[in-house]
Protein chains: 2
Amino acid sequence: MNVIRPFTSTVERLRSAGLRPTRQRLALAKALFENGDRHVTAEILHGETQAKGIRVSLATIYNTLHQFTEAGLLREIVVDAQRCYFDTNTSEHHHYYHEKSGMLEDMDIASDMLAAIPTPKGKKIKQVDIIVRTED
Amino acid sequence: MNVIRPFTSTVERLRSAGLRPTRQRLALAKALFENGDRHVTAEILHGETQAKGIRVSLATIYNTLHQFTEAGLLREIVVDAQRCYFDTNTSEHHHYYHEKSGMLEDMDIASDMLAAIPTPKGKKIKQVDIIVRTED
DNA sequence: GTGTTTGCAAAGTGTTTGCAATTTA
DNA sequence: TAAATTGCAAACACTTTGCAAACAC
């Protein structure tokens with residue numbers, strides 16, 4: 001017999017990443033993945049959950065963001081020594097960073113452009129990050 | 001009449017950047033610019049000056065690195081949320097970052113590759129940073 | 001029940017700042 | 001001498017950690 005189970009796909013997403021679908025992780029996953037591509041910091045997520053009346057501590061948000069990143073659900077983007085972004089779009093793409101506003105924006109660029117990048121001897125390329133900083 | 005003046009070119013470099021050639025700035029400029037291209041953090045520079053018996057406080061090193069950057073003598077490179085590098089090579093070029101070792105290495109890449117990067121509407125590109133992260 | 005996860009507060013890291021003392025020109 | 005610069009220690013912002021209580025299965 002069936003029971004109505006909300007967020008089944010989010011639950012499954014967490015389970016297949018090997019993460020127990022706790023209340024906190026579900027709330028964060030919902031905020032992250034149910035509204036299209038997002039660029040968030042821990043602070044932003046914390047503010048959002050608080051605004052919705054969901055109690056998730058900042059420490060848990062940090063931990064969860066890293067767990068999601070390790071699980072391949074998020075990609076971390078380093079733009080600035082004191083602002084750590086996580087991108088829900090984990091496919092290969094690059095960014096504009098508008099420093100004044102602190103806004104991060106996806107960039108459209110032909111991925112074959114990266115063919116020009118030489119591989120360093122004896123090393124394997126793990127990730128290529130292109131950040132175009134704009135004046136604002 | 002002439003007096004023997006050591007480090008004249010470093011002195012001039014500072015003066016033309018509008019910075020008084022103090023003992024501390026001279027020591028840092030020497031360490032930075034008299035040994036070819038370098039990638040340094042504040043900690044590295046601090047360690048070096050201490051090893052040489054030159055007394056420069058960490059606060060002054062941070063301040064000086066930023067003054068040099070504003071003056072165009074250095075370029076700041078953000079690779080990692082807790083490691084801020086300064087590059088003595090201010091010309092357009094990009095980097096490999098070997099995460100495990102924390103080593104930053106210059107990359108040779110055709111600069112016309114960057115022609116493919118679209119300018120965002122209504123904004124001006126200030127700087128393009130390409131960081132190729134390697135496994136190690 | 002058992003192992004996992006959470007929240008809190010404390011600790012940590014790298015950086016910046018306020019201000020008196022020092023140095024430069 | 002006047003203005004700029006320095007060093008210290010304290011403040012800072014952001015992030016991580018230790019551990020007891022709460023939770024998932």
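Protein chains get the first letters and strands the later ones, always in sequence-line order, with residue 1 at the start of each. Side chains are part of it too, since the values below use all heavy atoms of this structure and drop only hydrogens, waters and symmetry mates.
- Checking D/dT6 for Watson-Crick or G-U wobble geometry (two distances, each under 3.5 Å) identifies C/dA20 as its partner.
- DNA chain C is contacted by both B/Gln24 and B/Thr41; B/Thr41 maps to the nucleotide lying nearer its 5′ end (nearest heavy atom per residue).
- Look at CD1 on A/Ile61: it is 13 Å from P on D/dT16, rounded to the nearest Å.
- When heavy atoms are screened at a 4.0 angstrom cut-off, A/Arg83 is found touching no nucleic acid atom at all.
- For the pair A/Arg55 and C/dT6, the criterion of a side-chain N or O lying under 4.0 Å from OP1 or OP2 is not met.
- What separates CG of B/Leu14 from P of D/dA4 is a distance of 17 Å, to the nearest Å.
- Judged by closest nucleotide on DNA chain D, B/Gly18 is the one of B/Ala81 and B/Gly18 placed further toward the 5' end.
- Rounded to an integer number of Å, the gap from CZ of A/Arg15 to P of C/dT5 is 12 Å.
- Mapping B/Gln82 and B/Ser57 onto DNA chain D via the closest heavy atom, the residue that lands nearer the 5' end is B/Ser57.
- At a threshold of 4.5 Å between non-hydrogen side-chain atoms, the residues B/Thr41 and B/Arg83 count as touching.
- Checked for salt-bridge contact, B/Asp129 and B/Arg75 meet the test: a charged N lies under 4.0 Å from a carboxylate O.
- In this model, a side-chain donor or acceptor of B/Arg20 finds a partner on the base of C/dT24 within 3.5 Å.
- Of the candidates C/dT5, D/dC25, C/dT17, D/dC25 carries the atom nearest the A/Pro21 side chain, counting heavy atoms from C-beta on.
- Between A/Gln67 atom CD and C/dT4 atom P there is a gap of 13 Å when expressed in whole angstrom units.
- Toward the 5′ end of DNA chain C lies the nearest nucleotide of B/His66, the other residue of the pair B/Thr22 and B/His66 mapping further downstream.
- A straight line from CZ of B/Arg23 to P of C/dT24 spans 8 Å, rounded to a whole angstrom.
- Put simply, CD on A/Glu70 is 12 Å from P on C/dT5, counting in whole angstrom units.
- In this structure, A/Arg25 atom CZ and C/dT5 atom P are separated by 4 Å, rounded to whole Å.
- Salt bridge absent: A/Lys123 and B/Glu105 never bring a charged side-chain N and a carboxylate O closer than 4.0 Å.
- Ring planes of B/His93 and B/His95: perpendicular class, angle over 60° (limits at 30 and 60°).
- Look at CG on B/Leu65: it is 15 Å from C1' on D/dT6, rounded to the nearest Å.
- Of all nucleotides present, only D/dC25 satisfies the Watson-Crick or G-U wobble test against C/dG1, with each distance under 3.5 Å.
- Checked for salt-bridge contact, A/Glu135 and B/Lys124 miss the test: no charged N lies under 4.0 Å from a carboxylate O.
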